[in-house]
Amino acid sequence: MSIPNTHIRAVLADYLERFPKEADTAAPLVRALAEGHGPVSPEGLGFAHVTTGAVVLDPCWRVLMVRDEGRGSWMLPGGPVVETDECLREAARARLSEATGPVAGQVEEASGDLPLDLGLGPVRNRRASDGSEHQDLTFLYLYRATAATIPAGSGAFGDLAWRPHTDVPSARLAAKISQALATDRATVGV
């Protein structure tokens, strides 16, 4: 079974209700869903895949990132939606587990069914020999590390490290993380 388009439409509608200024980012997916394309079928989507990812914050408000061995750059754990995924939130958790191994068992969900961010970004096309890139549309979910320290080290796809939240791939996402941190600090009276 794959994630049904009705689920993706519902999550996307809720997300755009909360963040209406991001309609341009979501436009390729909105069009693809209207044309009946599924999330794991890149044909005709105008981008490669629907992907999910995780923004994992530790108690020191750092973000867990994975080094892309091919590019040498740091990125958030995540990956494409696959046929066995049943919902976006669970797909994000599965991709986190695949990328980080035991770290995924030491985090709790913090964003519920609504993603923290929706990103459209370039990804190296591994099938193409010319090094070309395509665009992936990523539903990013927020997680909190439950342990005071989760060891960084080597994950399935590269090195893991706790990085400043400002190292994330977009300024908009960094601002959303800052807002979540400000809410946390207000809650605990810091």
Side-chain angles (χ1 to χ4, degrees), residues 11-12 15-16 18-26 28-29 47-81 88-89 91-101 103-104 106-124 133-187 190:
V11 171
L12 192 55
Y15 180 84
L16 291 175
R18 183 169 179 196
F19 304 109
K21 293 180 180 179
E22 296 180 32
D24 288 345
T25 300
L29 180 57
F47 54 91
H49 300 107
V50 168
T51 66
T52 58
V55 177
V56 180
L57 297 175
D58 77 353
C60 297
W61 299 305
R62 297 173 298 176
V63 177
L64 183 65
M65 299 186 83
V66 179
R67 183 183 293 275
D68 180 332
E69 292 177 357
R71 292 174 152 176
S73 60
W74 291 96
M75 54 192 267
L76 297 169
V81 169
L88 292 167
R89 180 180 43 79
R93 182 64 168 232
R95 299 304 86 76
L96 173 62
S97 181
E98 291 165 3
T100 65
V103 171
Q106 299 176 37
V107 301
E108 58 188 26
E109 293 178 15
S111 58
D113 289 333
L114 186 65
L116 175 66
D117 193 45
L118 183 65
L120 184 64
V123 175
R124 185 170 47 94
E133 292 186 339
H134 57 253
Q135 299 286 314
D136 278 355
L137 192 65
T138 304
F139 289 81
L140 288 166
Y141 287 83
L142 181 63
Y143 297 88
R144 305 276 189 216
T146 56
T149 57
I150 294 175
S154 185
F157 301 112
D159 292 333
L160 303 175
W162 292 106
R163 315 261 312 161
H165 76 275
T166 53
D167 284 0
V168 296
S170 79
R172 183 184 71 222
L173 177 56
K176 288 180 180 179
I177 293 170
S178 292
Q179 183 178 13
L181 295 175
T183 302
D184 283 356
R185 289 176 181 144
T187 303
V190 174

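In this chain, residues are counted from 1 in sequence order.
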Novice: Would you say the side chain of Asp117 lies within less than 4.5 Å of the side chain of Ser170, judging by non-hydrogen atoms?
Specialist: yes

Novice: Identify the heavy atoms of Thr138 and Gly53 that sit nearest to each other, and give their distance.
Specialist: CG2-N, 3.8 Å

Novice: Donor-acceptor pair, Ser97 side chain versus Arg93 backbone, under 3.5 Å?
Specialist: no

Novice: Quick check: closest heavy atoms across Ala110 and Arg144, and the distance to 0.1 Å?
Specialist: CB-CG, 3.7 Å

Novice: Can you tell if the side chain of Val56 reaches within under 4.5 Å of the side chain of Val63, non-hydrogen atoms only?
Specialist: no

Novice: How about Leu114 and Tyr15: do any of their side-chain heavy atoms sit closer than 4.5 Å?
Specialist: yes

Novice: Going from CZ on Arg163 to CE on Met65, what distance comes out if it is rounded to the nearest 0.5 angstrom?
Specialist: 6.5 Å

Novice: Would you call Ile177 and Thr166 a side-chain contact if the rule is heavy atoms closer than 4.5 Å?
Specialist: no

Novice: So which heavy atom on Leu88 is nearest to which on Tyr141, and how close?
Specialist: CB-OH, 3.4 Å

Novice: To the nearest 0.5 Å, what is the distance between NZ on Lys176 and OG on Ser111?
Specialist: 11.0 Å

Novice: Kindly indicate whether the side chain of Thr51, heavy atoms from C-beta on, has any atom under 4.5 Å from the side chain of Phe139.
Specialist: no

Novice: Return the CG to CG distance between Leu76 and Leu96, rounded to the nearest 0.5 Å.
Specialist: 10.5 Å

Novice: Rounded to the nearest 0.5 Å, what separation is found between the OH atom of Tyr143 and the CD atom of Glu109?
Specialist: 5.0 Å

Novice: Is it the case that the side chain of Arg172 and the backbone of Leu118 share a donor-acceptor pair, with hydrogens and angles ignored and the cut-off at 3.5 Å?
Specialist: yes

Novice: From His165 NE2 over to Leu173 CG, what is the distance, rounded to the nearest 0.5 angstrom?
Specialist: 9.5 Å

Novice: How many angstroms lie between CG in Asp58 and CD in Gln106, if you round to the nearest 0.5 Å?
Specialist: 12.0 Å

Novice: Between Gly119 and Thr25, which heavy-atom pair has the shortest distance, and what is it?
Specialist: C-CG2, 4.4 Å

Novice: Answer whether the closest heavy-atom distance between the side chains of Pro77 and Val66 falls below 4.5 Å.
Specialist: yes

Novice: Between Pro115 and Val11, is any pair of side-chain heavy atoms under 4.5 Å apart?
Specialist: yes

Novice: Any side-chain heavy atom of Asp159 within less than 4.5 Å of one from Trp74?
Specialist: yes

